[in-house]
Structures are given as structure tokens and as C-alpha cells.
Amino acid sequence: MSDQRVPSDVSSPSISADENEAKIPSKQSFFHKDLEVKWQVYWKEHNVNTVDIQGATKPFYNLMMFPYPSAEGLHVGNMYAFTGSDIYGRFMRMQGYDVFEPIGLDGFGIHSENYALKVGRHPKEHAAISEKHFYEQLHSIGACFDWTRTVETYHPDYYRWTQWVFVQMFKHGLAYRSTAAVNWCNSCKTVLSDEQVLQEEHGIPHAVCERCGNKVEKKSLEQWFFKITAYAGKLLDNIPKLQWSEKVKGAQEKWIGRSEGMTIRFGNLEVFTTRPDTLNAVTFLATSELYEEGSTEKKGEFSGEYAINPLDGRKIPIWKTNYVAPGYGTGIIMGVPAHDERDMEFATKYHIDIIKKDPDPTLWEKIAREGWGKRVTKYHLRDWTISRQRYWGAPIPMIYCETCAKSGSGEQSSMPGWFTVPEKDLPVVLPDIDDYKPRDDGVGPLAKHKEFYETVCPHCGALAKRETDVCDTFLDSSWYYLRYPSVGGSMADQLPFDPELTKKWLPVAMYTGGAEHSVLHLMYSRFVTMALHDFGLLPFEEPFLTFFAHGLVIKDGAKMSKSKGNVVNPDIYIDKYGADALRMYLMFMGPFADGGDFRDTGMEGMYRFIGRIWRLVVSSANIYPEDTDEKTHRQLQMAIARATDDLPKRRYNTAIAGFMEFVNVALTSKKPLSTSDAKDFVTLIAPFAPHIAEELWTKLTTGGETIPEGYVSVHHQHWPMYDKSLLIDSSIQFVIQVNGKMRETISIPKNDGDNQQVIEELARNNEKVKKFLITGPKKIIFIAGKLINFVV
RNA sequence: GCUGAGGUGGCGGAAUGGUAUACGCGCAAGUCUCAAAAACUUGUGGAGAUAAUACUCCGUGAGGGUUCGAGUCCCUCUCUCAGCACCA
């Protein structure tokens, strides 16, 4: 490829097939694998993607949700997400920002453990294998990750600080123990949080485990909880300040679920209602004694007792029902058939009175004044169950001392006997054990290991017992973004996050991830950040200023699933077509926010396009740098303008379409690209196709086969500027409409675009238009530079 | 049921209220070749009509409306996808 000649006609292949085949071991005129290996090694060795974490002047923290290794490797959906995030980071870097784009693995927790159990490996062994494979894959897509600062949640130097977070929560009264009816998955043999229980099947509520799909039962167990409900109001009130999509914000609002209402006493029973204004139409009270989850039919029985309506002294029958949810409000409601469909359905079925009276808004005030009830704010949000009766997680760093419990002493007065593990003793290391499989007796595997749980009380020195449950994975991932900037720093061993670096880099400027985490990870992270802020440990309340939810990749119109056998393994495509082609194709499928449909034929098309880019630029390298083609140059300006506009909005698909239009025009031109145009174009595609862009950049800037000392990567170039004046052609296609219908376009000089007289004259005399203007126009609409519309 | 996003060629998808279907895939014909593949070139919404790539009409889920002009704005309906659901 070193002795390039000027092709007499660029539109025909510039390299003959024979020459091509003799030199290149692939059907493409370059070998993508060689390029990828070459540049990935170069970038790593020359720290091209490592940011100066201390000295950066324009920090930009670009983060993609880290993956959890719950399978053999990453699937194409992960690649999609990482590529979309990476293009944004690269674009911001080319805008002059110091972009920090870290990566890690959320390898602790049920997801990974279940997979390890399934394939019959010890979770720890599986973690080592998956770490290697996942990181290889993450390298292979050529993202600009800073590989000097990774986080793996299962390494003691990370989970030490996860435990530290737990300790802070306890010290500030936000962690407590409670016996509660919790969600229990009998297949995973553990407790699940409300957020990890899915409601499945059309219309029929059916509680199933998020991970294994097994039916979830209610079980009474003593658990550790985080008091996230203490932050319900703040979590809700901050939502309008977030630059997140309405969809995700709406999901959180709904999940927190604030309702303003009143509790009203009917004798010794108390109800909760959001409609105290309908107190005048109450005809029965309904309790939750017969509650059945998932029942579609309303059932109940009369208790034989009555209550008195404080408003009018009427006797109100009390019914036991199956449709009132316990655990929300007071578990008792006032039945108002006239104003509530469900109450109406129930009242009709059991022939209960129906009083039709208009709601009376003054009742809010009256009820409070008379002392019948009081205003309350309720939230749907429940406290976060942290305990997991499993092996593969961070041990909860708590110690229970029987001696102290008896004497009533404890770190928190409300919880005698309980003490946090002293910070100097962290981490509580997860021991290597063989009987790591989950048990069905409500305790975790660690509860069978004396050598683990036997310890001494930090308070009185007596023999004490460690907590043997481990933390929910979502605790691991609720603070990881705080850790990245500090990894490998001088304070990494002393603090979870360096205050100076935290101030410099956080909150995260751009967070990208799946919308499925709307109420899970994103809510927990906000809560933990808020709590740490209130403990005086963070200068901000919200962890992610901007969150962008990417779409889902489907395959040939159907959701990818193992049972259908249509899961796309990205490795095969990277091997066959190259990382650049895969990146470009994934981004071309549709808007990044919407996801796309993966098709092999589309992949082929992108592979061809990469080849066209190569031919175009290589045939132009270092020849006639002054030579250019007006039309091509103009098309390039349009492509730059479009991409500059599309990238911040993540409309990568249309940006790529612009590149294609440019290449199409450039390849039909008789002249090669000028060197400066070629450089602009290569810079433009660099965020999308980093390897080939770098290779082409060396050809354009050094001309040689070796990379010279002091070489500046294409990825450190500034995003190209464009000439606005060239976006408009010297002539414009002016549209002539009759009654709003397009009848003709005429080409006129740009300068005449706003001259109505000239255009009207041309239009009236146009043969095609004339015949529609037999009756003179009643009205003429003229839009300068665009169109003229005759209304007849 | 509630909330949110949608419905555009054979397919994925483009269109600040102003030329609907950019770009890509697929398909067809052609160039090259002994041949094939690859690559390249041209064509490609539907119906009608024609010697003609002249021309006419219809077309963005359905029906109304606003407007000189609607895929885009408003109303009614319908279907799809995602999330949430006896939360009183």
C-alpha cells in the first residue's frame, strides 16, 4: 500500500483485485485484525486513553453502567451500550474535555453466583475466569476505557469500602434489623427486595424472581434494612432537577409513589384515604384480613361489627376483604362505592348500600378541625432489604454480642448487642469455603462456619458472633462511581474516595445505561449519595447529572433469548468484520435511545462501507494536497455539520448516514480528496471507527509505515470545524406548489431566493405549472429561499 | 386499568408545519470474469397510462379538524412495545 498512484478514475477500484489478493489475507483491502491489535497495543502502551486524573483542567466523567458477569461473556447488547457511551466520550474529548471513561465488573451477587452454580464452578473461580474474558471482550471493541483504574466489586480492596458504606449507614441510624414478611425465592434460597420481584403474565399479577423466574413467596425473617423511606421525600423532590429522560423520571416518581391523604378514625379503627372529601358517602369499611395477592375477583365477608362515621354518626358495617393491601396506609380503607370503582364492584356484589353524594372539599379541613383524623403523606416506597442468605457477596460488617444485649448496651440504643466491625478491621473477608451453595433454612452458607462467625465483641471483648448474611449486589453498585477516580491513588488504601478527586470529577457528567435500572440501581445510588452527603462526606446530593437510557438490541425482529437461540455473540462479528464495522453497524441500526434490530445482512453492508472509507482515504493520501473538488468539499461540510449536531443528541444513525453520503459523493468525483479534507473526514469518523481512523491518520500525517516519536493520535485531535457558508449551494432548488401540492422545482441562483418577483415570473411561465394556473391565483404564499405556493 | 414511547416502502429506518421514503439492507439488470465470489454502475412506494426516465392519480394505523400547505399540530378511535398495577 506504500506506492500509491493517483487513480485516473477513483470511481473504479483503485487497487486491482490481483494486487489485492496477493498482499492481503482478507477480502477487504486491509486486514482489520492486524489494525485492531496494533492500535489497541499502541494505545495502551502510550496511555492514549488514560486521563491525567490530578491535572485535568476540563474534567468530564463519562460513565457507562458496568456489566455483571452472569454469563459466559458479553452479548451484543452490552457492546451496543458500551459503543454508544464510548462514542459520546470520544466526541467530548475531541471537544477539548479531559474525558474519564472507566470500566469495571459488578461481579459480586446473585447474578454471577447463580451462573457459577449453573456451570458448576466455585463463584470465586468463575469470577477470575469471567474477569479475564469480559475484559478481553471489552478491550476488543476499542473503547477508550482507562484501564489503569478498574473496579471489581468482589475484590477485598473494593468491598472493604462497601462494608464501610454499611457501617456509615448503621452509625447514622439508617440501617436497622426487623422481622418482616419478605420476598423469598425458594430457588435462589434468598430474600429479594421489592424491586427484584417481577410481576408477570398479562393482567394477572404473579410475583416471580427477577433472576430465575421462580414464584416468590412471603416468608417471615429477621433482616437488615436500609431506611430509604427516610429519603422518600427528597428522592422525589430532586427529580425535576435531573437531566434524565421523562420515562425514567416518571418511573421513579411512580415507584416512590407519594400520596397526600388523611388517616381518619372510625371508633377504634383507623383508615387511610386520599379522598377524605368523600367521607359523606362512606357505606362500609374494608380490612385486609383476607388479602390475596394476585386475586382478580373481589371477595369478602361481614365481620358482624360496625363502626361509627364521625361525620354523621351513621353505623358502618365492617367487612373483611381480599382486595385491600396490608402494609399500605393502615391496611383498612373506607368503602365509598359512589366514588371508587373497586368499592362499587364490592358493594354491588354484597348488596351494600350506595350513597350518591357529591364530594365535599371542605371536609379536609373539617376532619382535622374536629379531631376525627389528620393529614398524612404516604409513600409507596418500602425500606431496602440488604440481607442476602447467600455466599457470594460482601459479608455484612456487623457483630452481635449476647453479653452486651443482656446488659442493654449497643452502638445504637435501639439495637442492644449490635456493633459495627471497627473500620480498622475492614474488610471482613469472605472466606473460601466449599459448601457455598444456598441453603433452604433461611440462613446463609457462612452460618455453618464457626471460624468465620466466631469473634470478639468490639465493645466488651466477650465472645460474639458475626452477621453471616451478605450484602445485596445493589449495595456494591450503589457507590462504585465514587471509587473510580481514586483507584490506584495515594489515598486508595485509606479512603473509599479521595475528597479532592471527588470534588474534581463528580458528580458523573454523563451516565449511560439501560432503562431497566430505572427503579433499581438508579434509585439506590441516589439514596446512598444523598445519605453520604448528609453525613458530610460528599459535596453533592445527586450522583448522575445526566442519565441517558439506551435502547434494546433485538435480533431479526425478536427479543434475544437463549431459549430461542438467537443471542448474538459479538466475538464472532468482531473476528469476521472487525470492531469498527461492528461499532458502526450497531450505531447505524437506529437511534441510540431506541435500540435496533440486528441483522447479518446489515452487518455486511457496514463492512462494505468501511472498505469504501479505506479506499477513498488511501487513494488520497499524500497526493496533490491542494487538489479538491468543490462538490465533495461541500458535502464534507454538510457531513461535519450534521454529525456535530447529531452526536450530542446521540443520533448516531443519522450522523453515519451523513458519512455515507459524503463517501458516495467523494467516490464519484474524478479528483482525490485534498489532504485537509481527508484529515477532517478521518477525524470525524474516529469516535465511531477508532482503529481504522488511527491507521488512516498515520497515513495522512506521517505517510510512513512506522509510527514516529511524538506522534499525536487522531483521538487527541480537535473535532473538525466546518464552513457554514458552504452549506448552502450556489444555486437552490426552489419548490413551486399549487394548492400545497408540489408541481415543479426550479433551479435558481442563491441570490434570487428571496426575490418574489423574479420567482413568481419564472413560476407563472413554467410549462408544468401554467396548466394549473388557468384560473388566476387567489393568493400567493412565498417562503424566501424555499417555496412559492399558488392558491387557486 | 394507569404511565410512557410508538405505528412511514419487501425490511432497518430519514424527514426545524414546506419536494415523504434520506442512508442502509434486500431485490433486479449491467460491468469485470472461462465461471463464480468480491467490487463497481444503474434502477427500485403503489396504481394507471405511454413510443417515452412526457404525464395522471393514490399514498406515513383509521376517522375527523386547524392551515395556503400536515408523517409532523388538535380531537376521537385502534393496534404494538416497555414499565407499573386491587396503593384506596
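Just so we're clear, the structure is a prediction, and the values are computed from it rather than from any experiment.
Under the side-chain contact (heavy atoms from CB on, under 4.5 Å) criterion, A:Leu269 pairs with A:Leu285, A:Ile318, A:Ile332, not counting sequence neighbours. Legend: residues meeting side-chain contact (heavy atoms from CB on, under 4.5 Å) with A:Asn739, ordered by chain and number and at least two apart, are A:Val791, A:Val792. A:Asp646 is linked by a side-chain contact (heavy atoms from CB on, under 4.5 Å) to A:Arg642, A:Arg651, A:Thr654, A:Ala655, counting only residues two or more places apart in sequence or in another chain. With sequence neighbours left out, A:Lys249 forms a salt bridge (Lys or Arg N to Asp or Glu O under 4.0 Å) with A:Glu246. Remark: A:Glu297 pairs with A:Lys349 by the side-chain hydrogen bond (donor to acceptor under 3.5 Å, both in side chains) rule, at least two apart or across chains. Remark: A:Asp594 engages no residue in a salt bridge (Lys or Arg N to Asp or Glu O under 4.0 Å) (not counting sequence neighbours).
The phosphate of B:C84 (OP1 or OP2) has no side-chain N or O of A:Lys254 nearer than 4.0 angstrom.
When A:His32, A:Arg608, A:Glu604 are each tested for a side chain to side chain donor-acceptor pair (under 3.5 Å) with A:Tyr577, only one passes: A:Glu604.
Closest to the A:Arg608 side chain, of the nucleotides B:C25, B:C23, B:C84, is B:C25.
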What string of B, S and - do you get for nucleotides 7-14 of chain B, 5' to 3', when a contact is any protein heavy atom under 4.0 Å?
----SBSS
Would you write out the dot-bracket form of RNA chain B, 5' to 3', with Watson-Crick and G-U pairs under 3.5 Å, [ ] for crossing pairs, | for pairs to other strands and . for unpaired bases?
(((((((..(((.....[....)))((((((.......))))))((((......))))..(((((..]....))))))))))))....
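Here salt bridge (charged side-chain N to carboxylate O under 4.0 Å, His left out) pairs that include residues 774-792 of chain A, with residues two or more places apart or in two chains, number zero.
A:Phe688 and A:Phe659 have their aromatic ring centers within a separation under 6.0 angstrom.
Of all the residues in residues 735-744 of chain A, A:Val735, A:Gln737, A:Gly740, A:Lys741, A:Met742, A:Arg743 reach under 4.0 Å from RNA chain B with at least one non-hydrogen atom. Of the residues in residues 275-287 of chain A, those with a non-hydrogen atom less than 4.0 angstrom from any atom of RNA chain B are A:Arg275.
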Acceptor/donor pairs from residues 272-284 of chain A side chains to any protein atom, 3.5 angstrom cut, sequence neighbours excluded:
unit_1	atom_1	unit_2	atom_2	d
A:Thr273	OG1	A:Arg275	N	2.9
A:Arg275	NE	A:Asp277	OD1	3.1
A:Arg275	NH2	A:Asp277	OD2	3.4
A:Thr278	OG1	A:Arg275	O	2.8
A:Asn280	ND2	A:Asp358	O	3.1
A:Thr283	OG1	A:Asp353	O	2.9

